[in-house]
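Keep in mind the model is a prediction, meaning the values are calculated, not measured. Counting begins at 1 with the first residue of the sequence.
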Amino acid sequence: MIAAGVLAAAVALSATMVSARADQYEDIMKSGKLRVATDFAVPPFGMLDAALQPTGLDVEAAKLLAADWGLQLEWVKTTGASRIPNLLSNKADVVMSSLSITPDRAEVIDFSKPYGVINSVIGGKADDKISSWEDLKGRNVAVARGTINDTDITAVAAKYGFTITRYEDDATLITAILSGQNDLIAHATETLKRINEKNPALRFEPKVVTRASGIGIGVRKGNPVLVQKLNEWVDANMANGKLNALSVKFTGIPLPQKMPTMPSK
C-alpha cells in the first residue's frame, strides 16, 4: 500500500489527464531529452557527492539509460511523497527514485521490470533487544512520509502497539536519527550503513525485516511501448552485468539471481 492521502491525490490527478499521443516513448525520443524524477537525499540510491553532483544507484542507472538511448538527461528533483505526483503531472517522463513496485502503486502508474532491490527493515541500536514485531510494543518508529516504509508499518502499528513519527523527507528523517530524536527507523538496510558512517557510536542494525522489494522505473499509464523499451533496457543491462555492478558499488550487495516480482495485495 501507499499512504492514503498520496494515493488519493495520485488517482485524482491521473483521472484528470487526457492524452492525445500514441505512446510517450516516441515523444521522448523526438525530444532528445529524458526527464527523470529522482530524490537526491536517499543514499545510496540518490545523493550528492563531495562536489555536490548527483550520484547513487538510481542516478547512475538513469545516466546509463539516457546514454544507451542517446538522450540528454534532465533531473527533476523530488521527494518520496512527490515522486508519483511529479510523474502524473508531466513534470517528469519517468521516476527512478528507489520506487518499490507495489500493487497499489501499480493501480496508478506502470512499472518496468525491477532494476534494483531494496531490503526494508526497522533498524535500531545494536544493544536494543528488539528482534520481532512484538518487541515493538510501546515504542516509536521514525519514517519518511509517503514512502513504502510508511505504509508498511502503518498497516501493523495498531496490531503490535507501536507509534509512528513521520518526517517529510529522508534527509530530515536521518537527521532526526543522528541527533537522537528517534532511536528506531523504518528504512532500507543500506541507510543503516550510512547512519553508522556518519555516527559510528549509534551502531544501527536491522531488527525486523519489513519487506524485500524490487525497484522499478515508474511510467504514466497508457504507454506500453515505453514500458516495453524500458524492459528491454533492463534485460540487456542485467545480462551484461552493469546493473549488478551498480548494486554492488552502492549497496554492497549483488542483485539476487531471481529478482522480486510484483507482490500480491
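Note: Lys91 NZ to Leu88 CG = 11.5 Å, rounded to the nearest 0.5 Å. Rounding to the nearest 0.5 angstrom, the gap separating the CD1 atom in Ile177 from the NZ atom in Lys125 is 9.0 Å. Between the CZ atom of Arg105 and the CZ atom of Phe111 there is a distance of 6.0 Å, given to the nearest 0.5 Å. To the nearest 0.5 Å, the span separating CD1 on Ile130 from CG on Leu184 amounts to 4.5 Å. Between the CE atom of Met96 and the CG atom of Leu57 there is a distance of 8.5 Å, given to the nearest 0.5 Å. Once rounded to the nearest 0.5 Å, the distance linking CG of Leu64 with CG of Leu73 reads 11.0 Å.
When Thr172, Thr175, Asn182 are each tested for a side chain to side chain donor-acceptor pair (under 3.5 Å) with Tyr167, only one passes: Asn182. Residue Tyr25 is tested with Val227, Val225, Asn223, Leu230 for a side chain to side chain contact (heavy atoms under 4.5 Å, CB included); the sole match is Val225.
Checking side-chain atoms of Ser112 against main-chain N and O of Asn231 turns up no donor-acceptor pair under 3.5 Å. Between the side chain of Thr251 and the backbone N or O of Val248 there is no donor-acceptor pair closer than 3.5 Å. No donor-acceptor distance shorter than 3.5 angstrom exists from the side chain of Arg83 to the backbone of Ala37, with no hydrogens or angles considered. Side-chain atoms of Thr147 come within 3.5 Å of backbone atoms of Asp150 as a donor-acceptor pair (strictly under, hydrogens ignored).
In the displayed structure, Lys193 atom NZ is contacted under 6.0 Å by at most 12 heavy atoms of other residues, nucleotides or ligands.
Between Ile185 and Ile195, some side-chain heavy-atom pair lies under the 4.5 Å cut-off. Using a 4.5 Å heavy-atom threshold, the side chains of Trp75 and Val59 count as touching. Side-chain atoms of Lys33 and Asp93, non-hydrogen and from C-beta on, never get closer than 4.5 Å to each other. Using a 4.5 Å heavy-atom threshold, the side chains of Ser98 and Asp39 count as separate. Ser213 places none of its side-chain heavy atoms less than 4.5 Å from the side chain of Thr102. Residues Ile215 and Leu99 fail the side-chain proximity criterion, which asks for heavy atoms closer than 4.5 Å. Between Pro54 and Leu48 there is a side-chain heavy-atom pair separated by less than 4.5 Å. Counting heavy atoms from C-beta on, the side chains of Val42 and Ser97 never come closer than 4.5 Å.
Under the 4.5 Å side-chain heavy-atom criterion for Ile, Leu, Val, Met, Phe, Trp and Tyr, Leu246 and Ile253 are members of distinct hydrophobic clusters. Both Leu34 and Leu243 are members of a single hydrophobic cluster when ILVMFWY side chains are connected at heavy-atom separations under 4.5 Å. No continuous path of hydrophobic side-chain contacts links Ile174 to Phe250 [ILVMFWY only; heavy atoms under 4.5 Å]. Leu226 and Tyr115 fall within a single hydrophobic cluster, where Ile, Leu, Val, Met, Phe, Trp and Tyr side chains are chained together by heavy-atom contacts under 4.5 Å. By the criterion of side-chain heavy atoms lying less than 4.5 angstrom apart, applied directly or through intervening Ile, Leu, Val, Met, Phe, Trp or Tyr residues, Ile109 is not grouped with Val234; the two fall into different hydrophobic clusters.
Looking at Thr38 and Asp58, their side chains never bring a donor and an acceptor atom within 3.5 Å of each other. With 3.5 Å as the limit, one finds no donor-acceptor pair spanning the side chains of Asn119 and Thr189. Side-chain contact check for Asn237 and Asn240: at least one donor-acceptor pair (N or O, by modelled atom type) lies under 3.5 Å.
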Test log, rule salt bridge (Lys or Arg N to Asp or Glu O under 4.0 Å), inputs Arg194 and Asp170: CA-CA 12 Å; Arg194 298 286 174 172; Asp170 287 285; over 6 Å; no
Audit row: Ile217, Trp233, side chain to side chain contact (heavy atoms under 4.5 Å, CB included) steps and yes/no: CA-CA 11 Å; Ile217 304 170; Trp233 175 82; 4.1 Å; yes
Verdict with supporting geometry, Met238 and Asn244, side chain to side chain contact (heavy atoms under 4.5 Å, CB included): CA-CA 7 Å; Met238 285 290 188; Asn244 185 64; 6.0 Å; no
Stepwise side chain to side chain contact (heavy atoms under 4.5 Å, CB included) check, Arg145 with Glu168: CA-CA 5 Å; Arg145 188 185 305 277; Glu168 290 305 313; 2.7 Å; yes
From CA spacing to verdict: side chain to side chain contact (heavy atoms under 4.5 Å, CB included), Val95, Ile84: CA-CA 8 Å; Val95 177; Ile84 292 176; 5.8 Å; no
Steps toward side-chain hydrogen bond (donor to acceptor under 3.5 Å, both in side chains) verdict (Thr78, Asn86): CA-CA 8 Å; Thr78 189; Asn86 278 343; 3.2 Å; yes
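Between Val121 and Pro206, the shortest heavy-atom contact is CG1-CB, 4.1 Å. Scanning both residues, Phe45 and Ala188, for their nearest heavy atoms gives CE1-CB, 4.4 Å. Contact detail for Lys129 and Asp135: the closest heavy-atom pair is O-OD2, 3.9 Å. Shortest non-hydrogen contact noted between Val117 and Leu255 is N-CD2, 4.1 Å. Nearest approach of Ser131 to Val208, heavy atoms of both residues: C-CG2, 4.4 Å. The nearest pair of heavy atoms linking Leu87 to Ala92 is CD1-O, 3.7 Å.
Salt-bridge check for Lys207 with Asp128: failed, with every basic side-chain N at 4.0 Å or more from each acidic carboxylate O. A salt bridge links Arg139 with Asp183; the closest basic N to acidic carboxylate O contact falls under 4.0 Å. Comment: Lys113 engages Asp235 in a salt bridge, judged by a side-chain N to carboxylate O separation of less than 4.0 angstrom.
Between Tyr160 and Trp133, the ring planes lie parallel to each other; the angle is under 30°, not in the 30° to 60° tilted range.
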